[in-house]
2 protein chains.
Amino acid sequence: MKDVAREAGVSLGTVSNVFNGFPATDLTRRKVQNAAERLGYRINNYARGLKTNKTYTVALILPSLEMPFFHHLAEAVTAELMRNGYRTILMITYYDTDVEQQCIDMVEQNKIDGIIALTYNPDLQVDASIPFVSIDRHCGASICCVSSDNYHGGELAAEALIACGCKKLLFMRIGSDVASEVDKRGAGFQAVCQTRGIPCESIILHDSETDAPFYRYLEAHVHDGIAEFDGIFCNTDRLALRILRKLAELDVRVPEDVQVIGFDGLEDYVTQEPPCSTIVQPVTFIAQTAVSVLLDRENTVHPTLICLPVRYEAHGTTKGQVSVWQANI
Amino acid sequence: MKDVAREAGVSLGTVSNVFNGFPATDLTRRKVQNAAERLGYRINNYARGLKTNKTYTVALILPSLEMPFFHHLAEAVTAELMRNGYRTILMITYYDTDVEQQCIDMVEQNKIDGIIALTYNPDLQVDASIPFVSIDRHCGASICCVSSDNYHGGELAAEALIACGCKKLLFMRIGSDVASEVDKRGAGFQAVCQTRGIPCESIILHDSETDAPFYRYLEAHVHDGIAEFDGIFCNTDRLALRILRKLAELDVRVPEDVQVIGFDGLEDYVTQEPPCSTIVQPVTFIAQTAVSVLLDRENTVHPTLICLPVRYEAHGTTKGQVSVWQANI
DNA sequence: TTAAGAAATTGAAACGTTCTAATTACGCTT
DNA sequence: AAGCGTAATTAGAACGTTTCAATTTCTTAA
């Protein structure tokens, strides 16, 4: 920059002004730009960050990229940040709460502009001075969490199954994250069942790595292809897919005898064989919202939870193309 | 840091020494650490980067995260970099060659320590002074590219099918990246067919978004469940999966009448229904190799291509559990 | 006890920006 | 032509580290 200033015959400050869009004569502007071009000058963002304390970098902390929801999120967050001129530092925790804390520590060390995280550590130590947005799960009372409207998603699933004629329902939930927003899917589902007077059984697996308990339940409650229930809501598409295969194995006809709805609506699972009706999460919208809440530090008061609308999408494991999401619940 | 120095009653330089592991008395070391603790001091990496020109950050540029190969790669690269004390800046190009160039430009501006990229732009402008490793595809004569041993993978596929009794083979290839390392799969496959005197037809789709041409071919060459070929090698598992479904639709029995092998071996596809025999890529190893080549700037001379070993894995769409990868080709 | 040598510590000058207050140049009005 | 207000430019002090030559302190051996 010093060289550019000398080459252009102006002062250091002027070069800085030109590069930051501060007022300058067309002539000087041109002189500086030419000099910079000739010298192949590139601004040094570290020196700049040192002075401004602004790094145009945010950290994205995720448990893994293997689950479709996670890598879709990663892609969407990265894209949205880039659109705003920010870079993404990606960190993977492998569902390990210690690694989560490590990531936070590492990242705070680096004077970044914010953190977007999906973590499982209930008592994460995070510096209150650094903007933080969580996804799917609260971490800290005053930290904004953005997620799908899981509760309403559960309601939609119940409404859809009931509208398609189901009389006896089943809710299946797997996954290790307790007390997360995701947990509300079951609550919404059960609430509707209750109101409508539809019996509903729940099988909830928090710590199990395997689906075996679900399979055992199915085997116990299906006899000669006749099931004791006629509708299942699985809390993820991934699970729904495996349940569908198990049902096929047990000679249960879908959707004739039993109807199935999953949750997520990411192409990866929905288009698999068989494709499954589902509650679609607005991943891209979640990403965009998280980013804009994070970057918008104008309002000092932030919402503590933002739920984004989900919708029901029929893919053949429920009867008909019922547009339940338009129902006024 | 100034405050820490004052608090500990030592000079600025000493504090720096302590934090960088330079020799210091146990006493001073303790004094400095206590002071730092009391003041909640954290080193500022931007100031440090300014001085040392070392940022402990590398950029990872990928077309997308949706393909299993890509997100596995992203995860493995991130983990490996973290293990080495580096941070990962993730950038997604959406297969757009302009965006690729943009990413490179952005990243060069930021004085990072290196770039790992999987790009499609044949004439990417990249600053020779910044360490660069590409994956799956060369970009620039003197830039190191690491990939699976795709040629040998093709050979393995052919060997496996032939060892399982195939007499008339088919090679199917889809994907937009021309002239990449991936392209060598077909070459290896055909070479073995030639040597062994096995007839082999190839259907190569470079620009097609859809599989329709493959389906049309299959429909034309299968009559009443009897196919004119008895073995297929698909250049990805994703494709293999769809071909398998089409074959089922055409009442072709797999593996009895036609055997199928895919390529990639990432859980996402192999465990789908039906699971498919495949050539497994060592994703994690690719990631580790890319990182270590990138970080190891000691040797000024770098290899221009590094091929990592693949292996054949039977999953039921080929007959028997033939361990072809041990064959001495 | 002292001199020499090694080890630890210090002070000040970088690194490449931005920022602020001060200065200079410019265009108008009287 | 002088005076005034505004806009553009400048000089130099930060920002928080590292680095290196110079200095001090500590060890050891004569």
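We name chains A, B, ... by the order of the sequence lines, and we start the count at 1 in each one.
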Per [X] side chain, nearest of listed nucleotides [options]:
{"X": "B:M1", "options": "C:dT9, D:dT18, C:dC15", "answer": "D:dT18"}
{"X": "B:S11", "options": "C:dT10, D:dA11, D:dC15", "answer": "C:dT10"}
{"X": "B:T25", "options": "C:dA8, D:dT18, D:dA8", "answer": "C:dA8"}

Kindly give the heavy-atom pair with the smallest separation between B:E75 and A:E66, and that separation in Å.
-> OE1-N, 3.5 Å
Do we see a donor-acceptor contact under 3.5 Å between the side chains of [X] and [Y]?
{"X": "A:D264", "Y": "A:Q281", "result": "yes"}
{"X": "A:T14", "Y": "A:S11", "result": "yes"}
{"X": "A:D105", "Y": "A:Q101", "result": "yes"}
{"X": "A:N150", "Y": "A:S148", "result": "no"}
{"X": "B:D113", "Y": "B:T55", "result": "yes"}

Is the shortest side-chain N/O distance from A:T14 to OP1 or OP2 of D:dT10 below 4.0 Å?
-> yes
For atom [atom1] of [X] and atom [atom2] of [N], their distance in whole Å:
{"X": "B:N20", "N": "C:dT9", "atom1": "CG", "atom2": "C1'", "answer": "15 Å"}
{"X": "A:N17", "N": "C:dC19", "atom1": "CG", "atom2": "P", "answer": "10 Å"}
{"X": "B:F19", "N": "D:dT19", "atom1": "CZ", "atom2": "P", "answer": "16 Å"}
{"X": "B:F22", "N": "D:dC20", "atom1": "CZ", "atom2": "C1'", "answer": "11 Å"}
{"X": "A:D26", "N": "D:dT9", "atom1": "CG", "atom2": "C1'", "answer": "15 Å"}
{"X": "A:L12", "N": "C:dC19", "atom1": "CG", "atom2": "C1'", "answer": "12 Å"}
{"X": "A:D3", "N": "C:dC15", "atom1": "CG", "atom2": "P", "answer": "10 Å"}

Test item: A:N20 side-chain N/O and A:F22 main-chain N/O as donor-acceptor pair under 3.5 Å |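 No, A:N20 side chain to A:F22 backbone: no donor-acceptor pair under 3.5 Å.
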Looking at residues 27-56 of chain A, who's got a heavy atom less than 4.0 Å off DNA chain C?
-> A:Y41, A:R42, A:I43, A:N44, A:A47, A:R48, A:L50, A:K51, A:T52
